[in-house]
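Working notes, beginning with the structure itself.
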Protein chains: 2
Amino acid sequence: MATIQQTQTARPRQEATEAIRRAWTQELRAHGRRVTRQRLAVLSAIHRAPHSTADAIVASVREELPTITMQSVYVVLADLTNIDMLRKFEPPGTPALYETRTGDNHHHAFCIRCLRVEDVDCAVGEAPCLIPSEHHGMTFISADVLYRGICADCQQEIDREIVAQNTTLS
Amino acid sequence: MATIQQTQTARPRQEATEAIRRAWTQELRAHGRRVTRQRLAVLSAIHRAPHSTADAIVASVREELPTITMQSVYVVLADLTNIDMLRKFEPPGTPALYETRTGDNHHHAFCIRCLRVEDVDCAVGEAPCLIPSEHHGMTFISADVLYRGICADCQQEIDREIVAQNTTLS
DNA sequence: TAGTTATTATGAACAATTCACAATAAAAAG
DNA sequence: CTTTTTATTGTGAATTGTTCATAATAACTA
């Protein structure tokens with residue numbers, strides 16, 4: 001039976017390699033930030049499980065640093081999001097999700113049943129959604145597309161439920 | 001001097017005509033809902049000022065029904081959103097916004113400086129964003145595009161500020 | 001190795017929204 | 001037109017996700 005996993009990617013990422021951790025260290029320094037165990041642990045946790053909530057991130061980080069506080073994690077998340085080392089996005093009706101994949105204009109598919117999130121590369125060509133028809137004189141910085149739907153697993157479960165209902169009713 | 005208006009459209013809509021109110025009445029009945037003064041007042045308020053927050057909506061409705069409560073408005077908003085008489089959307093970092101324009105797959109442009117929201121019709125052709133390249137077997141229901149940027153007014157103010165700074169510095 | 005200052009921890013506060021239940025009023029039935 | 005039924009609204013409180021103010025800590029600098 002397919003289990004419902006909340007805000008978890010289908011292909012979970014690996015543990016961050018030493019090379020990646022070195023890159024983070026450099027990027028933190030480049031932005032005038034200090035390289036703390038907390039920050040690296042937060043980045044690692046999100047790298048391991050993209051589209052994580054703040055809650056999930058603390059839980060994950062606490063395996064390594066049991067005393068870290070929720071508030072510290074929020075501070076780190078906000079700061080790293082500001083310097084574009086993290087991307088934050090907020091699907092309707094759920095807490096904010098974070099990912100380490102930044103700067104590539106990718107979008108998100110969101111299952112309204114199990115709340116799973118998948119990355120989706122840009123639909124047509126390069127960055128079509130950045131050129132809307134009427135733009136009211138606005139200068140656009142980004143265009144985030146949120147695809148809402150039912151994922152394959154959930155669709156299967158729904159189908160099974162309908163079959164089950166019909167069997168009992170007839 | 002251009003004033004900063006929060007979550008307000010450039011071309012504000014008119015008061016709802018009698019015809020529109022009749023249509024709302026019918027649609028409420030069609031969905032098995034009762035036609036109450038509160039519901040019509042909420043719809044009218046949102047029709048008058050699309051992209052309104054719950055706060056703004058209560059304020060507006062209270063001009064007509066001074067005793068309506070925040071909670072009642074929330075109940076109405078949730079119910080009318082469920083039956084697609086309202087569309088709710090949640091730009092990052094601000095409370096949810098509501099509009100009466102539904103079922104036409106339009107998108108939103110959001111000024112990150114003054115939080116103004118504008119409607120944007122679909123970018124390329126009919127509904128391009130509904131056909132992403134990889135869809136992970138998901139069945140899509142909707143694709144919401146959020147354009148983030150700086151609106152014309154804000155850009156002008158920023159430019160003026162830069163000019164002012166340069167003048168004092170040199 | 002000590003000093004400086006960003007970062008983290010502590011504790012509380014906050015805003016937006018939702019909940020449980022009682023009072024009210026729209027619609028249906030008589 | 002009146003009564004009955006039940007959705008809808010109002011009352012009051014709770015909850016969730018997040019942010020704030022300030023003290024303690026630890027990374028970097030000299």
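Labels below follow one simple rule: chain letters A, B, ... track the order of the sequence lines, proteins then strands, and each chain is numbered from 1.
Within residues 80-90 of chain A, no residue approaches DNA chain D, by heavy-atom distance under 4.0 Å. Only A/Thr67, A/Ile68, A/Thr69, listed by number, bring a heavy atom of residues 60-69 of chain A to less than 4.0 angstrom from any atom of DNA chain C. Listed by residue number, the members of residues 25-39 of chain B with any heavy atom below 4.0 angstrom from DNA chain D are B/Arg33, B/Arg34, B/Thr36, B/Gln38, B/Arg39.
Evaluation of the salt bridge (Lys or Arg N to Asp or Glu O under 4.0 Å) rule for A/Asp159 yields no partner, not counting sequence neighbours.
In this structure, the CG atom of B/Asp55 is 10 Å from the P atom of C/dA15, given to the nearest Å. Atom OH in A/Tyr74 sits roughly 18 Å away from atom P in C/dC14 (whole-Å rounding). Summarising the geometry, the separation between CE on B/Met70 and C1' on C/dA16 is reported as 8 Å, rounded to the nearest angstrom.
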Using distance only, find each side-chain donor-acceptor pair of residues 18-32 of chain A under 3.5 Å and give its atom names and separation, not counting sequence neighbours.
unit_1: A/Arg21; atom_1: NH1; unit_2: A/Ser44; atom_2: OG; d: 2.7
unit_1: A/Thr25; atom_1: OG1; unit_2: A/Arg21; atom_2: O; d: 2.9
unit_1: A/His31; atom_1: ND1; unit_2: A/Glu27; atom_2: O; d: 3.0

Name the atoms and distances for all side-chain donor-acceptor pairs under 3.5 Å in residues 59-79 of chain B, with sequence neighbours left out.
unit_1: B/Ser60; atom_1: OG; unit_2: B/Arg48; atom_2: NH1; d: 2.9
unit_1: B/Arg62; atom_1: NE; unit_2: B/Ile68; atom_2: O; d: 2.9
unit_1: B/Arg62; atom_1: NH2; unit_2: B/Ile68; atom_2: O; d: 2.9
unit_1: B/Thr69; atom_1: OG1; unit_2: B/Ser72; atom_2: N; d: 3.1
unit_1: B/Thr69; atom_1: OG1; unit_2: B/Ser72; atom_2: OG; d: 2.8
unit_1: B/Asp79; atom_1: OD1; unit_2: B/Arg33; atom_2: NE; d: 3.2
unit_1: B/Asp79; atom_1: OD1; unit_2: B/Arg33; atom_2: NH2; d: 2.9
unit_1: B/Asp79; atom_1: OD2; unit_2: B/Arg33; atom_2: NE; d: 2.8
unit_1: B/Asp79; atom_1: OD2; unit_2: B/Arg39; atom_2: NH1; d: 2.8

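Between the side chains of B/Arg148 and A/Ser142, at least one donor N or O sits under 3.5 Å from an acceptor N or O.
Each salt bridge (charged side-chain N to carboxylate O under 4.0 Å, His left out) pair with one or both residues in residues 88-97 of chain A, not counting sequence neighbours, would appear here, but there are none. Residue pairs meeting the ring-ring contact (aromatic ring centres under 6.0 Å, His included) criterion with at least one partner in residues 52-72 of chain A, sequence neighbours excluded, do not occur; the list is empty. Judged as a salt bridge (charged side-chain N to carboxylate O under 4.0 Å, His left out), not a single pair has a partner in residues 66-75 of chain A (not counting sequence neighbours).
Across its full length, the helix from C/dT1-D/dA30 to C/dG30-D/dC1 shows an angle of 40° between the axes of its 5 terminal pairs at either end, rounded to 10 degrees.
The nucleotide range of DNA chain D contacted by chain A, defined by atoms under 4.0 angstrom from heavy atoms of the protein and reported 5' to 3', is D/dG17 to D/dC28.
Using cut-offs of 30° and 60° for the angle between ring planes, the A/His51 and A/Phe89 rings count as perpendicular.
With A/Ser52 contributing its side chain and A/Ile57 its backbone, the two residues share no donor-acceptor pair below 3.5 Å.
Using a 4.0 Å heavy-atom cutoff across all strands shown, B/Ala96 reaches sugar-phosphate atoms only and no base atom.
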Check the interface with nucleotides 19-22 of chain C: list each N/O to N/O pair with the protein under 3.5 Å, or write none.
none

